[in-house]
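Throughout, a chain's letter reflects where its sequence line sits, starting with A, and its residues are numbered from 1.
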Number of protein chains: 2
Amino acid sequence: MKSKINFAETENCPVRNILDRFGDKWSTLVILILGEEKTLRFNEIQKKIGSVSQKMLAVTLKKLEADGLVSRKVYPQVPPKVEYTLTNLGLSLLPKLQNLVKWANENMEEITGNRVARQIK
Amino acid sequence: MKSKINFAETENCPVRNILDRFGDKWSTLVILILGEEKTLRFNEIQKKIGSVSQKMLAVTLKKLEADGLVSRKVYPQVPPKVEYTLTNLGLSLLPKLQNLVKWANENMEEITGNRVARQIK
DNA sequence: CAGCATCCCGCCGGATACTG
DNA sequence: CAGTATCCGGCGGGATGCTG
């Protein structure tokens with residue numbers, strides 16, 4: 001029998017913590033993209049996502065860097081060049097996210113179908 | 001070599017779709033709780049989460065029901081009684097989310113430590 | 001090129017009150 | 001008990017402009 005999780009206490013609940021961090025719009029996307037490409041520059045990530053604003057990408061990357069999921073390497077040159085890579089911690093999260101993507105790929109059609117069938121926006 | 005994902009097109013990108021649906025504050029939490037308890041009434045879910053408002057729980061459950069992840073059974077009696085259970089589709093998602101929880105449990109301390117060490121809010 | 005600063009709008013979601 | 005209805009404040013996040 002598994003021990004149950006205390007969802008009620010925000011501070012001690014890992015589920016809440018993880019959702020607070022990766023529930024935002026771009027974090028998981030960035031991790032998945034860096035997982036595919038190993039190393040990317042700021043603009044390259046932005047182009048890959050396509051619809052993210054410069055501001056939000058900067059905020060997201062800073063958060064991920066602070067969490068220790070992404071490492072940032074600055075080349076002291078003009079024009080500047082900054083490369084982003086997943087850390088080992090980030091790499092350990094990657095497969096879990098990829099599992100979610102896999103599930104999404106396999107089941108999104110059914111979910112979309114359900115929505116349409118029930119005529120919900 | 002894995003085929004790459006097109007993150008740019010929102011409509012066809014399963015990652016974006018899944019994040020749009022489960023990136024919200026409560027959906028994953030509800031799925032995880034129902035995964036533990038099998039069947040729960042509205043008030044029981046609310047008590048388990050603790051901090052969710054009545055409104056948001058109702059909205060969340062309705063969304064999950066529309067997606068076909070949660071089933072809703074109404075007992076025609078007074079006072080009313082409604083039970084929520086994961087569907088097979090919901091059950092298929094459950095282990096992926098539990099993997100994330102497991103990862104969070106194992107690594108949240110390190111992440112929190114990173115944050116503190118870098119003195120970010 | 002890689003960002004920070006500022007302004008500002010939309011909507012997420014909380015509080016409260018009401019119904020079957 | 002299990003919801004809807006309404007109001008409304010906060011902030012996520014887009015647009016734009018400026019810097020090293």
Can you pull the salt bridge (charged side-chain N to carboxylate O under 4.0 Å, His left out) pairs that have at least one residue in residues 89-101 of chain A, sequence neighbours excluded? none
Interatomic distance, [X] [atom1] vs [N] [atom2] [rounded to whole Å]:
X      : N       : atom1 : atom2 : result
I49(B) : dG14(C) : CD1   : P     : 11 Å
F22(B) : dC12(C) : CZ    : C1'   : 18 Å
Q46(B) : dG13(C) : CD    : C1'   : 14 Å
L57(B) : dA5(D)  : CG    : C1'   : 17 Å
Q54(B) : dC7(D)  : CD    : C1'   : 16 Å
K47(A) : dA2(C)  : NZ    : C1'   : 13 Å
K73(A) : dC1(C)  : NZ    : C1'   : 17 Å
K63(A) : dG12(D) : NZ    : C1'   : 11 Å

Can you tell me if CD on Q77(B) sees more than 12 non-hydrogen neighbours from other groups inside 6.0 Å? yes
Atom NZ of K81(B) with >12 non-hydrogen neighbours under 6.0 angstrom: yes
[X] has a side chain; which of [options] sits nearest to it?
X      : options                 : value
F42(B) : dT4(D), dG14(C), dA2(D) : dA2(D)
K25(B) : dG14(C), dA2(D), dG3(C) : dG14(C)
R72(B) : dG14(D), dC4(C), dG3(D) : dG3(D)
N43(A) : dT4(D), dA2(D), dA2(C)  : dA2(C)
P79(B) : dC1(D), dG14(C), dC1(C) : dC1(D)

Sorted by chain and residue number, the salt bridge (Lys or Arg N to Asp or Glu O under 4.0 Å) partners of K63(B) (sequence neighbours excluded) come out as D24(B)
Find out whether V52(B) and Q46(B) are in side-chain contact, i.e. whether some heavy atom of one side chain is under 4.5 Å from a heavy atom of the other. yes
Are Y84(A) and K73(A) packed together at the side-chain level, in the sense that at least one heavy-atom pair is separated by less than 4.5 angstrom? no
Hey, is the main chain of R41(B) close enough, under 3.5 Å, to the side chain of E44(B) for a donor-acceptor pair? yes
With nearest nucleotide decided by heavy atoms, which residue, L61(B) or K55(B), maps closer to the 5′ end of DNA chain D? L61(B)
D24(A) or Y84(B), whichever maps to the more 5' nucleotide of DNA chain D: Y84(B)
From I111(A) atom CD1 to L93(B) atom CG, the distance as rounded to the nearest 0.5 Å: 7.5 Å
If the cut-off is 4.0 Å, is K62(A) near the phosphate of dG3(C), judged by side-chain N/O to OP1 or OP2? no
Return no unless some side-chain N or O of R41(A) is found under 4.0 Å from OP1 or OP2 of dA2(C). yes
Could you pick out which residue, M56(B) or P80(B), lies toward the 5' side of DNA chain C when each is mapped onto its nearest nucleotide? M56(B)
Rounding to 10°, can you tell me the angle the first-five-pair axis of the helix from dC1(C)-dG20(D) to dG20(C)-dC1(D) makes with its last-five-pair axis? 50°
